[in-house]
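To keep things clear, I will list the structure first and then write my remarks on it.
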Amino acid sequence: MHVLAKELNETLQGTIVDAMLSDVGRRMFFPKGVVAQSAEAGKKATRFNATIGMATSGGQPMYLSDIYHQFTDNAFKPSELFSYAPGGGDPALRALWKEQMIVKNPTLQGKTFSLPAVTSGLTHGLQMMAQLFVQDGDTLVIPNLAWDNYELIFAHQTGASIKTFDLYTAEGGFNVDGMREVLAGIPDKKARILLNFPNNPTGYTPTKREMQAIAEALISLAEEGMKLMVLSDDAYFGLFFEDDSAKESLFSLLCDAHPNILAVKCDAATKEDMVWGFRIGFITYGSKNLSEEHYDALNKKTLGIIRSTVSNCDRPGQSMLLKAMRSGGHYESDKLAAKVEMERRYRTLKEALKKHEGNDLLKPHPFNSGYFMAFDCKGSAEQLRRHLLDNYQVGCINIADVTLRLAYCSVECDRIAELVDIVYQAAGEAWN
């Protein structure tokens, strides 16, 4: 094992991070190679800087004028668009994202947690967590209604065993007892759990009371000696449409809750700031008793994963997002307008579904947030998906042949009722 990895492991020894690291995570470190030496030279090499493999002229990167001239004159320096981003992302963007995270999650005020590291989208962040903390023989717990990419990342890439619990109780609330029961039954008393709110595919966010109960259940397991890594996939954070929905990330309740809990927040500008193609995500760590030295060691392991996969993340996207957040005249108003429109579509969809109450072919799962809603299907969801596509030119998503997901985020408000009617009509045709 590399000496730098050994040093980081020694720093983390005895912490929850140490307990959760995979073999890859233990071997990982941030090398004192080109990137680190170039960063050091950037601060001190005022005479000549002959470190980084980037062609420059007049202190700025060389560039294609056909690209640079697509931008408004003087809006960005060439270095803000064409140069490599620092390892872990633009420091100003990372600091501002952390600041905004506290604004969005007031419970984080006064708590200690890591500086977010920039990832190449939220999926990349999850994949890094799989590499650092999961390997063959480990267990990942997820709800039975979850994004199919979780299985691809954690089971098929890193060999984790996937255990599921029913997302809903019989009454339609979040199944806290089912979650706890599955976790408590894991033999080695060590598990990773991944929760996504608002949920994809169902569009469900726990109520404030349910979110507190989730946190209390996880803390009680930690107090019983279980080691837990709790991953919060907050891809659709902020799209909450009901007063009783929890408005803060589970991360804010767990980042300092217990030494046996490592809380990880995976979020992104992707949906929060409507920059899907920019591929800008963030990873943030929190646990009780972790010091700045511990976070620095964990950050270096994270940077090692970034360096050895994508090298570093998109620079122009970070620069444009930072500029919008810092000084954009419409940043907040545009986000609010999008949320208002999504809520309008949500309420229109709720109203359209009332017409079909009692139809046992398709039963809507409870939903209150996000981009999606999903049906529990009496017949084959794949058969219905194909029938809708071939006969009505309507595209939906089949999940495990039992669930049909509608992304109402991409349907104009005045067409939602028509969509719902077509789906129910097609179900009657496909299964009868």
Side-chain angles (χ1 to χ4, degrees), residues 30-100 115-125 127-128 235 267-283 302-338 410:
F30 188 58
K32 294 180 179 177
V34 173
V35 173
Q37 293 175 45
S38 296
E40 186 179 10
K43 298 175 182 177
K44 296 182 179 180
T46 55
R47 190 171 185 181
F48 298 108
N49 186 353
T51 58
I52 199 74
M54 183 174 68
T56 63
S57 178
Q60 292 288 326
M62 295 181 182
Y63 55 83
L64 294 174
S65 59
D66 286 337
I67 294 177
Y68 189 48
H69 292 162
Q70 298 292 322
F71 295 87
T72 304
D73 288 346
N74 302 315
F76 295 97
K77 298 175 184 176
S79 60
E80 294 174 313
L81 300 172
F82 301 103
S83 66
Y84 292 115
D90 187 309
L93 177 61
R94 296 171 69 185
L96 187 53
W97 192 262
K98 184 173 185 177
E99 180 183 311
Q100 287 297 307
L115 182 69
V118 174
T119 65
S120 189
L122 198 149
T123 303
H124 178 227
Q127 192 266 342
M128 290 199 304
D267 55 23
T270 311
K271 281 95 175 175
E272 285 197 47
D273 291 352
M274 301 174 292
V275 288
W276 297 272
F278 280 21
R279 310 312 302 144
I280 300 173
F282 299 87
I283 287 287
T302 307
L303 293 182
I305 288 285
I306 295 172
R307 174 64 174 157
S308 59
T309 52
V310 298
S311 186
N312 63 13
C313 299
D314 171 65
R315 165 60 105 175
Q318 291 184 60
S319 294
M320 286 188 278
L321 177 61
L322 178 61
K323 192 178 187 72
M325 292 178 72
R326 271 180 165 172
S327 56
H330 307 285
Y331 177 73
E332 293 296 345
S333 60
D334 285 352
K335 287 178 64 174
L336 178 60
S410 59

Heavy atoms only: give me the nearest Gly304-Phe30 pair and the separation to one decimal.
-> N-CD1, 4.0 Å
Nearest atoms (heavy-atom pairs only) where Pro91 meets Pro86 =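 Between these two residues, the closest heavy atoms are CD-CG, 3.9 Å.
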Nearest 0.5 Å please: distance from the [atom1] atom of [X] over to the [atom2] atom of [Y].
{"X": "Leu64", "Y": "Ile67", "atom1": "CG", "atom2": "CD1", "answer": "4.5 Å"}
{"X": "Tyr63", "Y": "Ser83", "atom1": "OH", "atom2": "OG", "answer": "13.5 Å"}
{"X": "Thr123", "Y": "Met128", "atom1": "OG1", "atom2": "CE", "answer": "11.5 Å"}

Tell me, please, which residues at least two apart from His330 pass side chain to side chain contact (heavy atoms under 4.5 Å, CB included).
->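 If we apply the side chain to side chain contact (heavy atoms under 4.5 Å, CB included) test to His330, skipping adjacent residues, the hits are Ser333, Asp334.
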Under 3.5 Å donor-acceptor pairs involving side-chain atoms of residues 314-324, not counting sequence neighbours:
from   : atom 1 : to     : atom 2 : distance (Å)
Asp314 : OD2    : Gly317 : N      : 2.7
Arg315 : NH1    : Asp90  : OD2    : 3.3
Gln318 : OE1    : Asp90  : N      : 2.8
Gln318 : NE2    : Asp314 : O      : 2.9
Ser319 : OG     : Glu80  : O      : 2.5
Ser319 : OG     : Arg315 : O      : 3.3
Lys323 : NZ     : Ala75  : O      : 3.2

Indicate the ring-plane relationship of Phe71 and Phe76, choosing parallel, tilted or perpendicular according to the 30° and 60° boundaries.
->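 Because their plane-to-plane angle is over 60°, the rings of Phe71 and Phe76 count as perpendicular.
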Sequence neighbours left out, what passes side-chain hydrogen bond (donor to acceptor under 3.5 Å, both in side chains) with [X]? Give chain and number order.
{"X": "Ser79", "value": "Gln60"}
{"X": "Gln100", "value": "none"}
{"X": "Ser120", "value": "none"}

Do Trp97 and Met325 have side-chain heavy atoms sitting under 4.5 Å apart?
-> yes
Is there a side-chain contact between Arg307 and Asn312, using heavy atoms and a 4.5 Å cut-off?
-> no
Any donor and acceptor pair, going by atom type alone, linking the side chain of Thr309 with main-chain N or O of Ile305 inside 3.5 Å?
->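 Yes: the side chain of Thr309 pairs with the backbone of Ile305.
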Give a yes or no answer on whether the side chain of Arg94 reaches the backbone of Gly88 with a donor-acceptor pair at less than 3.5 Å.
-> yes
Expected list for residues 268-282: side-chain donor-acceptor pairs under 3.5 angstrom, two or more places apart:
from   : atom 1 : to     : atom 2 : distance (Å)
Glu272 : OE1    : Lys104 : NZ     : 2.6
Asp273 : OD1    : Tyr331 : OH     : 3.1
Asp273 : OD1    : Lys335 : NZ     : 3.0
Asp273 : OD2    : Tyr331 : OH     : 2.9
Arg279 : NH1    : Trp276 : O      : 3.3

